[in-house]
There are 2 protein chains.
Amino acid sequence: MIRVLLAEDQAMVRGALSALLNLESDIEVLGSAADGETAWRELQRLKPDVLVTDIEMPGLTGLELAQRIQRHELPMKVIIVTTFARPGFLRRALDAGVSGYLLKDAPAENLAEALRTVHRGGRAIDPQLALVAWTEADPLNDRERQVLRLAGEGLSAGDIATRLNLSHGTVRNYLSEAIGKLGAGNRIEAFRLARQKGWL
Amino acid sequence: MIRVLLAEDQAMVRGALSALLNLESDIEVLGSAADGETAWRELQRLKPDVLVTDIEMPGLTGLELAQRIQRHELPMKVIIVTTFARPGFLRRALDAGVSGYLLKDAPAENLAEALRTVHRGGRAIDPQLALVAWTEADPLNDRERQVLRLAGEGLSAGDIATRLNLSHGTVRNYLSEAIGKLGAGNRIEAFRLARQKGWL
DNA sequence: CGGCGCAAGTGACAGCCGTCATGCGGGGTT
DNA sequence: AACCCCGCATGACGGCTGTCACTTGCGCCG
């Protein structure tokens, strides 16, 4: 019997995935959580064999949850199930020691299959995404990332400078760097590109 | 027996929702489609009582699908199930004659419940969202919408002008108008606001 | 100590952006 | 005809943006 905890913020999807997994005779859904912090508590209480988690959740993301599990050396496996085919996300997930990374685009049967593979000690990583993740590295440094994130929210260089305690000109230098590295024509395009790759 | 067709692009969610609905003794999932065009064909072939559809799908969106059903006066009901709590989407959905509009944030049991309500001839609209939709109207006109959409992709005023066969200055006028109407400080903020409300 | 590298800052320049007042022509109203 | 509204255009202004060359201060390492 594979004992599973489910973390996913959208209640309807959470319920549906739970129903799906409960159809499998060798899988038992112990419980589910709607956000990262709840998942963390349930994790310690229920001690599942495998955690199946989304990435985008309020509070603590799935990636941060995986990192925390790694840091505390908890014995359970982690499978990420997400909408986002972003190389940067996969990379961070692998760094956090997850055993599986599936896209919600993949057929539903894959999930149970991945659970079994991972429970046996194997890995279940989306193959196309794995390819891309090895060839495309994030070119941005921390400052560029911060600045780009704020620029993407519509802040001006001056606003960003205030937030980060930098000078107006320095912010523009970082933005210019980021735009150049990403091959974009302006901050908006740069932001979109970086977000799409999962580098923010 | 309520006969249902499911349209949802993410295979895993599609499979999970299907599993969920099949647990209900009075509901039968006839089939499912991964995009709008497929759904449209299956709709005519299977003649379900109710179509349950996502909004964001490749090709034809759920909203466009609902409009098409309305135009052809097909006898089935439509329930929209989406991630997006955007007043503009709900408004367009109601204009397209849908009977239900649920958020994926809502508990899973709501879906079956909504199916029964709608099948009986009732409506199932997310209550909070319904409130907002009645009080917030889209202030943008067609040109402003077009211009803002392109601006959000990172195009400059000149680029947008070329695409829309307008002058450089006119595009900036429309952008300025849109920024003013939305109470934003620049095009980026304006774009984010409008998208969040479902006005793009 | 000297030198290197790195994060942050400066200043200047051209071009783009956001705003506003104003103009023009076509379509509809009275 | 006189009128007004509408979509589009123009031109000018100040501020913001993107780029680049160059400086400053600081920690590190030989």
Side-chain angles (χ1 to χ4, degrees), chain A residues 67 88 91-92 95 136-200, chain B residues 86 88 91-92 95 136-200:
Chain A
Q67 279 161 13
R91 180 93 50 133
R92 269 183 268 168
D95 288 345
E136 285 189 62
D138 179 354
L140 303 176
N141 63 35
D142 288 348
R143 281 308 200 190
E144 286 155 7
R145 234 190 310 283
Q146 290 177 56
V147 163
L148 207 48
R149 242 195 301 262
L150 294 173
E153 289 173 19
L155 301 197
S156 70
D159 296 340
I160 298 172
T162 310
R163 289 259 201 126
L164 300 182
N165 287 116
L166 289 174
S167 92
H168 170 203
T170 303
V171 169
R172 278 159 62 212
N173 285 338
Y174 285 135
L175 269 172
S176 181
E177 263 297 297
I179 291 167
K181 283 182 179 177
L182 297 172
N186 56 47
R187 57 178 68 192
I188 308 179
E189 211 184 325
F191 173 76
R192 287 167 55 89
L193 276 167
R195 194 190 39 180
Q196 189 207 352
K197 297 287 189 184
W199 292 334
L200 294 183
Chain B
R86 297 182 183 168
R91 180 91 52 131
R92 270 183 268 169
D95 288 346
E136 287 190 62
D138 179 353
L140 303 176
N141 64 35
D142 288 351
R143 281 306 200 191
E144 287 155 7
R145 234 190 311 282
Q146 290 177 57
V147 163
L148 207 48
R149 243 195 301 261
L150 294 173
E153 289 173 20
L155 301 197
S156 69
D159 296 341
I160 298 172
T162 310
R163 289 261 198 121
L164 300 182
N165 287 116
L166 290 174
S167 92
H168 170 199
T170 303
V171 168
R172 278 160 62 212
N173 286 339
Y174 285 135
L175 269 172
S176 182
E177 263 298 296
I179 292 167
K181 284 182 179 178
L182 297 172
N186 57 48
R187 57 178 66 194
I188 309 179
E189 213 183 323
F191 174 76
R192 287 166 56 90
L193 276 167
R195 193 190 40 180
Q196 190 206 354
K197 298 285 187 183
W199 293 333
L200 293 183

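Since we're looking at a predicted model, the values are computed, not measured. Every chain is numbered from 1 and lettered A, B, ... according to where its sequence line falls, protein lines coming before strand lines.
Smallest separation of non-hydrogen atoms from I160(A) and V147(A): CD1-O, 3.9 Å. When every heavy atom of A157(A) is checked against every heavy atom of H168(A), the shortest pair comes out as CB-CD2, 4.0 Å. Minimum interatomic distance between I188(B) and R187(A) (heavy atoms only, all atoms of both residues): CD1-CD, 4.0 Å. Nearest heavy-atom pair across A184(A) and A190(A) is CB-N, 3.5 Å.
Atom CG of L166(B) and atom C1' of dC6(D) are 14 Å apart (whole Å). Regarding Y174(A), its OH atom lies at a distance of 14 Å from the C1' atom of dT10(C), rounded to whole Å. Rounding to whole angstrom units, CG of residue D142(A) and P of dC6(C) are separated by 15 Å.
Listed pair T170(A) / dA8(C) fails the phosphate criterion, with no side-chain N or O lying under 4.0 Å from OP1 or OP2. In this model, the phosphate group of dT19(C) is approached by a side-chain N or O of S176(B) to a distance below 4.0 Å at OP1 or OP2.
In this model, a donor atom of one side chain and an acceptor atom of the other lie less than 3.5 Å apart for D159(B) and S156(B). Using modelled atom types, one finds a donor on one side chain and an acceptor on the other under 3.5 Å when comparing E144(A) with N141(A).
For the pair R91(A) and D138(A), the salt-bridge criterion is not met [side-chain N within less than 4.0 Å of a carboxylate O]. Classification of R92(A) and D95(A) as a salt-bridged pair fails, no side-chain N sitting under 4.0 Å from a carboxylate O.
In the region residues 146-164 of chain A, proximity to DNA chain D at under 4.0 angstrom, judged on heavy atoms, holds for S156(A), A157(A). Within a heavy-atom distance below 4.0 Å of DNA chain C, the residues of residues 177-197 of chain B found are I179(B), N186(B), R187(B).
If you check distances only, the side chain of N173(A) never reaches the base of dT17(D) with a donor-acceptor pair under 3.5 Å.
Residues H168(A) and R143(B) both approach DNA chain D. Their nearest nucleotides, taken by heavy-atom distance, put R143(B) toward the 5′ side.
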